[in-house]
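By convention here, the first residue in the shown sequence is residue 1.
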Amino acid sequence: MKANYHTHTKRCGHATGEDREYVEAAIQSGLEILGFADHCPWVYENGYRSSIRLSPSEVDGYFSSLEDLRKEYRDDICIYIGFESEYLPALIPEQEKLLADYPLDYRILGQHFLGPDQEQIYVGAPFQEESYLEKYAALAMAGISTGKYLYFAHPDLPYFLGSDEVYRKHMLPLCHFLKEKNIPIELNVLGVADKRHYPNPRFLELAREAGNSVILGIDAHSPEQLLNHTAISEAEKLCEAYGLERIEKML
């Protein structure tokens, strides 16, 4: 594995470790590229502060810290500064204003929610509603259509308990759309390491059918996760098992 574009920081509230520790772990792991993509902040008019993503006031420190590390370690590793974000059209304009003056290298789409944080419609929790799956696919396709996202993080996050027929109805068109737009899907190494409900075999079957390309994303929430070569190896074997074309570098 040469590049990881999915790295968080403790600013999101559910990761640990200092920024420097992630960089040093990445170097130790043999990575050539380390992309930070912490959970992108939303700007809420009522002042609501999410507990699972950066606050707007932390953006400055995020960029200044990572820019300093990029300069310090430029001879050892290439560092990119990005964000993982949902596509929620009503909130995008204020988010764009917040980030306008920062040197953002990329974004990855991570559609955890179907609406603002306060609504807590989280697709990673078990659900039966077909309407949630339908909205997830629609938001993902609309987001990708903007051209602002490098790839689609853990596209198989939805913990849908319904039938394979309904799952296929909404997720196969999404896979075909991603193939058409030449947007890779992520095979999430953290999901492998923690034995989560994703990577999801029924999604990977659809990805194979659609001919999607895949990129590994460690989704690191601690520096140690960048050194989990067992999980990385298992993820690589999954790519091979499903015959998915693997992309090593995107920037």
Side-chain angles (χ1 to χ4, degrees), residues 6 12 14 37-46 48-54 82-96 98 107-188 190-191 196-210 212 214-215 217 219:
H6 197 166
C12 70
H14 57 281
D38 213 348
H39 293 283
C40 196
W42 295 116
V43 180
Y44 291 107
E45 291 181 0
N46 62 3
Y48 175 84
R49 189 203 184 289
S50 171
S51 62
I52 56 168
R53 63 185 76 244
L54 277 76
F83 279 118
E84 178 186 16
S85 183
E86 289 82 10
Y87 178 70
L88 301 176
L91 300 179
I92 295 291
E94 289 302 317
Q95 186 183 73
E96 294 287 356
L98 173 68
R107 303 174 201 241
I108 57 176
L109 180 65
Q111 198 71 40
H112 306 83
F113 294 91
L114 302 181
D117 294 309
Q118 305 100 307
E119 296 178 7
Q120 292 297 310
I121 304 175
Y122 173 56
V123 296
F127 66 93
Q128 296 272 4
E129 294 87 347
E130 180 180 353
S131 62
Y132 287 6
L133 195 64
E134 182 178 17
K135 186 172 183 180
Y136 175 83
L139 283 169
M141 288 189 281
I144 293 299
S145 293
T146 67
K148 293 181 178 179
Y149 300 93
L150 191 64
Y151 71 72
F152 192 7
H154 42 60
D156 42 0
L157 176 67
Y159 202 167
F160 180 64
L161 300 179
S163 70
D164 289 347
E165 180 182 9
V166 172
Y167 190 82
R168 179 184 177 87
K169 174 183 172 183
H170 297 291
M171 298 300 275
L172 182 59
L174 172 58
C175 289
H176 281 303
F177 180 83
L178 294 166
K179 172 68 174 177
E180 176 189 331
K181 297 295 184 182
N182 199 29
I183 297 293
I185 61 172
E186 178 192 75
L187 200 147
N188 191 271
L190 181 60
R196 299 184 178 185
H197 64 279
Y198 60 92
N200 185 335
R202 64 176 175 177
F203 179 83
L204 295 178
E205 286 287 0
L206 298 179
R208 170 159 55 187
E209 182 177 338
N212 294 116
V214 66
I215 185 166
D219 198 358

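- A donor-acceptor pair under 3.5 Å links the side-chain atoms of Asp156 to the main chain of Asn200, judged by distance alone.
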Report, one line per pair, each donor and acceptor closer than 3.5 Å where one atom sits in a side chain of residues 172-184; sequence neighbours left out.
residue: Lys179; atom: NZ; partner: Gly211; partner atom: O; Å: 3.1

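- Legend: residues meeting ring-ring contact (aromatic ring centres under 6.0 Å, His included) with Phe127, ordered by chain and number and at least two apart, are Tyr132, Phe160.
- In this structure, the side chain of Tyr151 does not engage the main chain of Gly217 through any donor-acceptor pair within 3.5 Å.
- Remark: Ser51 engages no residue in a side chain to side chain contact (heavy atoms under 4.5 Å, CB included) (not counting sequence neighbours).
- Residues passing the ring-ring contact (aromatic ring centres under 6.0 Å, His included) test with Tyr167: none are found, sequence neighbours excluded.
- Annotation: side chain to side chain contact (heavy atoms under 4.5 Å, CB included) contacts of Glu134 (sequence neighbours excluded): His170.
- A salt bridge is absent between Arg202 and Glu205; no separation between the charged side-chain nitrogens and carboxylate oxygens falls under 4.0 Å.
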Determine, step by step, whether Arg107 and Glu96 satisfy the salt bridge (charged side-chain N to carboxylate O under 4.0 Å, His left out) criterion, reporting the C-alpha distance in whole Å, the side-chain angles of both residues, the deciding distance to 0.1 Å, and the verdict. CA-CA 12 Å; Arg107 303 174 201 241; Glu96 294 287 356; 3.2 Å; yes
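- In Glu165, the CD atom is not crowded: 12 or fewer heavy atoms of neighbouring residues, nucleotides or ligands sit closer than 6.0 Å.
- Looking at every heavy atom in both residues, Tyr48 comes nearest to Gln120 through OH-NE2, 4.4 Å.
- With no hydrogens or angles considered, no side-chain donor-acceptor pair links His154 and His6 at under 3.5 Å.
- More than 12 heavy atoms of other residues, nucleotides or ligands lie within 6.0 Å of CD in Gln118, so this atom counts as buried by the packing criterion.
- Legend: residues meeting side chain to side chain contact (heavy atoms under 4.5 Å, CB included) with Pro93, ordered by chain and number and at least two apart, are absent.
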